[in-house]
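Here the structure is laid out as structure tokens; the discussion comes afterwards.
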Amino acid sequence: MVDFIQNCLDGIMLGSSYALLAIGFTLIFGVMRRLNLSYGPSIMVGAFVGTLVYLEFKANAVAIAAATVVGAVIVGIYVERLCFRAIRRGAAVASMVSSFVIWMQLEEIVTVVFPDRTYFFPPMVTADPIDLGPFFFKVENIVMFAVAAVMTVLLHWLLQYTRFGLALRAVSENPRAALFMGINVGAVMFLAFVIASAFGGVAAYLIVSADGQITPLFGLWATFKGLIAMMLGGMGSIPGAILGGLLLGVVEAQSIWYLGTEYRDLSAYFLLFLFLVFRPGGLMGQLAVERELAATRRV
Amino acid sequence: MLRIEGLRRSFGGVAALEELDLAVADGEVMGLIGPNGSGKTTLFNVITGVHQADTGRVLLREEEITRSTPARIVRQGIARTFQNLRIFQRMSVRENVWVAQHSLPGVGPMALMSNRSAAERARKAEVDRLLDAVGLADRRNVLAGSLPLPDQRRLELARALVRSPALLLLDEPAGGMTPAETAEMAALIRDFAVPGRTCIVIEHKLDLISTLCQRLCVLNFGRKIADGEPGRVLEHPEVLEAYLGRDAVNA
Amino acid sequence: MDDIYLITILSNIGMISFIALSAYLLLVVGEISFGQQAFFAVSAYGSGIATAMWGWPIWLGLLWGALVAGAAALVVAIPTVRLRGLYFSVATLAFAEMVRLIFEIFTYQVEIDGELVGPDGSDGFRDIRAIYDSNVSAFEYMLIIYGLLAVVLIGFLILERSRLGAIFRMIGEDPMLTEMQGLNVTKYKILAVVMAGIVAGIGGALYAHLATYVEPKIFNVMLGVHALAYGLIGGLGTAFGPLIGVAIDIGLLESIRAISGYRMIVFGGLVAVLLIVRPRGLLDEAAMHWLRGRWRGLIRAEN
């Protein structure tokens, strides 16, 4: 029982990083209705910008984190311009494939600039794990969880209580109607992309600094963890992204403990497959699916 | 031919069709009118299985088709056109008509793969004959998406007719057309689509209705408010009210 | 030496073409699959087991691999084919990753001539030696690859002109309208997924025997997404589209050695720009329609 609870706690800590990745994903998807496969790779580039700042200037944690976020946002803008803005509406597949080839491009740029593949990434804190009764917590995990919680609250405020948030919700509900209301849809999409990239940048910093190292493969990892967490929670739903991320973390932690490391990803994909077949809307998104079905059945 | 009993269909609490009863006899051509949102297209959608009825029954030749899939309903002899045009834009005009034959009886697995048999040649000849009849023969190799709107409506008509349906549902066949084009379309439907089959026509243009229909049915808020010979129906007070508003009727 | 290099590249182009055609077929019915590599993998293992462990002849091993891949596709298709859009894509991704991760732990070995043969989890599956044991040269094997590719391609070209091919394109453009032509869309989609599985399977079986060694990590999602990209680069209007995509990527850029280290930087940028101008690829439906019109015109002019 103690093991099970400890696994749940570990899973929630791990899951909070997945949740951050999924929030970025779901923001972009909610507004664009297109999948950005380059999401992981662009925050991976951000993390390498952080590495560069560390290697060149021996900068402190705050500067590295800032560099990571700025790098992720700049690359995010590049992806938005090239793969989303420039491709006309209705060509969602083209956008997706375009974001995939840009992923390949980003990965190769990173391997050209950083030929050693694996680089040391400075941890944000160095402290011993904290014991609490029979359970223990790693400090970096607690920080990760706290930052994820704060950012979620921040995002909630932004979406629910600001004019920009209202515009963003209007665009994700119905871009055409939003356009007729005088909302600058392009600008809203652009800003959503920037916010999502910033979220991704923070997530990247937290995850990579907890790992203590970075490789170009982080891009693939981040895209797929974010995608799975988003799908589990329900596409386009922010609470869904958080719940999906936590669920994914807990399931992975339990599988590692009870089945072994090699079953970690297998159980995650198995869970995803079951969800898609039996509850494609995920934890929160059933309504969204029905709306989409209604739209495709519209005659 | 078609009998509808107690049909109900609502969308999220809003009733699009309420307790609708309707019977259409063999060979009858019925006009279906009503203000926007009165449930006309919903009725077509329920008949063809695109939407499921909440309650009530739809019978085609006394056979229940209420819970059937669109594909099966179409194979039982119903064809339709669409108010907001649906054609395969990335296919040629000729292909758009040809594809409607895929599920005709006699098109088996072999015919799906080969197009050299005598039967297949006959089917292609039928496609060309229909394109000729609707006046699209000279543009049969054009991509359908590039046709002007009146021609797209003619193409939809040809596609519906190639299956020789027993019941033809036309949803605003002259929508968006000029008066001259409307008259042309009305003549085309009268001479070519109507003979030998049962038709229901949704249309706002009364001259088209009066050219084609012996019977007119009026829907408002999903209910039938009048049904009968066109001249009389149009004088019915509830119909005038639905179209012109209460004040106009009282004045 | 150079000849061997050329034969290897050409053989690779041939084998990847199968998986590209497989992803293309699903793009035609309007579905994006991230998971065609799963059928490639299932067939690579299946045919390898058949020839190396059960001692079946090569041709039977290839056939078996394709059939196993088709059966696997049927198993995926039945629960997932009703899912639309991104849901289907992610379901195929989840399935393919499951297949890869199962091969990471799948061990099935027998002793042949004092040596253990068979898949050994993440260490892979060695010694699929059937073509070397029967003295097929690299060149001859390349001819086998292209022979089979030609057969599949002719199948696609027949399909394109047939009613069945039209049904696939109809579903890709408007499933509801297709249903309204009296066609059971679900049934035809399952058929398309199974056909795509078989096509990918042929490629996988050929791959296993040329490489003689397969390991699970080859069949990662990168393979599947590349396959997808090829169709969209070359164009969705014709089965030559994916082949053009493969040839551009592997052929052209691999052969220009000067940029081989920067291949994806150049290629990625080029493709991104191409997709802005032509979102359905070089030879899209409109382009093919135009070309066919010109072709008809030429024939008429000659008569």
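Below, chains carry the letters A, B, ... as their sequence lines are ordered, and counting in each starts from 1.
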In terms of heavy-atom proximity below 4.5 Å to chain A, should [X] be classed as side chain, backbone, both, or neither?
X      : value
C:L275 : both
C:L27  : side chain
C:V221 : side chain
C:Y230 : neither
C:I276 : both
C:L232 : side chain

Just give me the residue among A:L266, A:I109, A:V277, A:L227 that pairs up with chain C most often, heavy atom to heavy atom, under 4.5 Å.
A:L266
Please determine whether side-chain contact (heavy atoms from CB on, under 4.5 Å) holds for the pair A:Y269 and C:R100, giving the CA-CA distance in whole Å, both sets of side-chain angles, and the decisive distance to 0.1 Å.
CA-CA 11 Å; A:Y269 281 112; C:R100 178 178 67 82; 5.5 Å; no
Counting C-beta onward and ignoring hydrogens, is there a side-chain heavy-atom pair between C:L101 and A:F270 closer than 4.5 Å?
no
Taking side chain as C-beta onward, heavy atoms only, is C:V266 less than 4.5 Å from A:Q105?
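No, side chains not in contact.
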Below 4.5 Å from any heavy atom of chain C, which atoms of [X] appear? Answer side chain, backbone, both or neither.
X      : value
A:F100 : side chain
A:L271 : neither
A:L106 : neither
A:F275 : neither

Return the CG to CZ distance between A:L35 and C:F34, rounded to the nearest 0.5 Å.
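Here the rounded value is 5.5 Å.
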Would you compute the distance between atom CD of A:E262 and atom OG of C:S122 and round it to the nearest 0.5 angstrom?
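Reported value, rounded in 0.5 Å steps: 9.0 Å.
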Between [X] and [Y], what is the shortest heavy-atom contact and its length?
X      : Y      : answer
A:L82  : C:A272 : CD2-CB, 3.7 Å
A:V101 : C:G268 : CG2-O, 3.6 Å
A:M235 : C:L86  : SD-CD2, 3.2 Å
C:M98  : A:F273 : SD-CB, 4.1 Å

Any idea which of [options] has the most non-hydrogen atom pairs under 4.5 angstrom with chain A?
options                       : answer
C:I105, C:V225, C:I102        : C:V225
C:T80, C:V277, C:V90          : C:V90
C:L177, C:L270, C:L93, C:L274 : C:L93

Atom CZ of A:R117 with >12 non-hydrogen neighbours under 6.0 angstrom
no
Determine whether more than 12 heavy atoms belonging to other residues, nucleotides or ligands lie under 6.0 Å from atom CZ of C:F240.
no
Check the pair A:V97, C:I32 against side-chain contact (heavy atoms from CB on, under 4.5 Å), reporting the backbone distance first and the verdict last.
CA-CA 10 Å; A:V97 170; C:I32 303 156; over 6 Å; no
Test log, rule side-chain contact (heavy atoms from CB on, under 4.5 Å), inputs A:M231 and C:Y87:
CA-CA 8 Å; A:M231 299 299 288; C:Y87 296 96; 3.9 Å; yes
side-chain contact (heavy atoms from CB on, under 4.5 Å) between A:L220 and C:M222, intermediate numbers included
CA-CA 9 Å; A:L220 176 120; C:M222 285 299 151; 3.4 Å; yes
What residues, two or more places apart in sequence or in another chain, satisfy salt bridge (charged side-chain N to carboxylate O under 4.0 Å, His left out) together with A:K225?
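For A:K225, the residues satisfying salt bridge (charged side-chain N to carboxylate O under 4.0 Å, His left out) (neighbours in sequence not counted) are A:E252, A:D265.
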